[in-house]
Amino acid sequence: MSGRQRELNLRFLAEPSDVNYGGKVHGGVVMKWIDQAGYAAAVGWAGTYSVTVAVGGIRFVAPIRISDMVTVHTKLVHTGTTSMHFAVDVKARDPMDGPECDRLCTHCVIVFVALDGVDGKPTPVPPWTPLTDVDRHLGEYALKVMDLSKGIEATMNELSQVAQEV
Ligand SMILES: CC(=O)SCCNC(=O)CCNC(=O)[C@H](O)C(C)(C)COP(=O)(O)OP(=O)(O)OC[C@H]1O[C@@H](n2cnc3c(N)ncnc32)[C@H](O)[C@@H]1OP(=O)(O)O
């Protein structure tokens, strides 16, 4: 049973255990939060277990401080046959301040594939149909980001083949 919802917010406080050597939240921790929020959004949309297949266009725009209130916002921007593409924004602010003080800290596109079981095969997802120009633009952006990372993957494969031949 799908709890179909296009947008999702995961909100929590950055903890001291999330800190890096410079006193800010680790990039890897931010990526874990993105994966967790993406997972909740994907299984909610698909109604089945889903796995991360790719992350693209990740940009760490501003640091997150310990004790900041963090919001990981996911928005479904494209569905393929079995894939779901989400635009993700991570924002943070001092919890004593209002929402207008939220700073954009990280953004990316993350893609999940729905499976027909935990060790299963890719399975179709309910389609998302863009209704506005902004939605269409977001979907095209997500596909462009993924095409770029697939291009990098193909180049890396070619290079490793060349390296094996020499
Ligand atoms: C819950 C978690 O966080 S899981 C932890 C991390 N993730 C994992 O362990 C997943 C490991 N990967 C896998 O198991 C496999 O690669 C799978 C199941 C995701 C996909 O298997 P594949 O054999 O590639 O399946 P297939 O070729 O049918 O592709 C499935 C979908 O993935 C999409 N896909 C595949 N590679 C990419 C890529 N590099 N970028 C974006 N989408 C991709 C395909 O376009 C397809 O989407 P569509 O059906 O909407 O057209």
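All ligand and atom numbering here is 1-based and tracks the order in the structure.
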- Does ligand 1 have any atom sitting under 4.0 Å from a heavy atom of Ser50? yes
- Note on the structure: Note: ligand 1 atoms sitting under 4.0 Å from heavy atoms of Asp35 are 3 (O)
- Message: Please list all pairs meeting salt bridge (charged side-chain N to carboxylate O under 4.0 Å, His left out) that have one or both residues in residues 100-112, counting only residues at least two apart or in different chains.
- Response: Asp68-Arg103, Arg93-Asp102
- Query: With only distance considered, is Thr82 within less than 3.5 Å of ligand 1 through an N or O on each side?
  - Reply: yes
- Could you list which atoms of ligand 1 come closer than 4.0 Å to a heavy atom of Pro122? 25 (O), 28 (O)
- Looking at Val77, Ile58, Val55, Thr74, which one forms a side-chain contact (heavy atoms from CB on, under 4.5 Å) with Val88? Thr74
- Item | Contacting atoms of ligand 1, where contact means under 4.0 angstrom from a heavy atom of Thr81 | 48 (P), 49 (O), 50 (O)
- Sort and list the pairs that fulfil side chain to side chain donor-acceptor pair (under 3.5 Å) and have at least one residue in residues 13-42, not counting sequence neighbours. Asp35-Thr52
- Note on the structure: atom 8 (C) of ligand 1 sits nearest the protein heavy atom Thr52 O, 3.7 Å
- Query: Is Asp147 salt-bridged to Lys144, going by a charged N under 4.0 Å from an acidic O?
  - Reply: no
- Task: Side-chain contact test, heavy atoms from C-beta onward, threshold under 4.5 Å: evaluate it for Thr123 versus Leu115 and give yes or no.
- Result: no
- Proximal ligand 1 atoms for Tyr49, defined as those under 4.0 Å from one of its heavy atoms: 1 (C)
- Message: Just to be sure I read this right, does ligand 1 sit under 4.0 Å from the backbone of Lys150, its side chain, both, or neither, counting only heavy atoms?
- Response: side chain
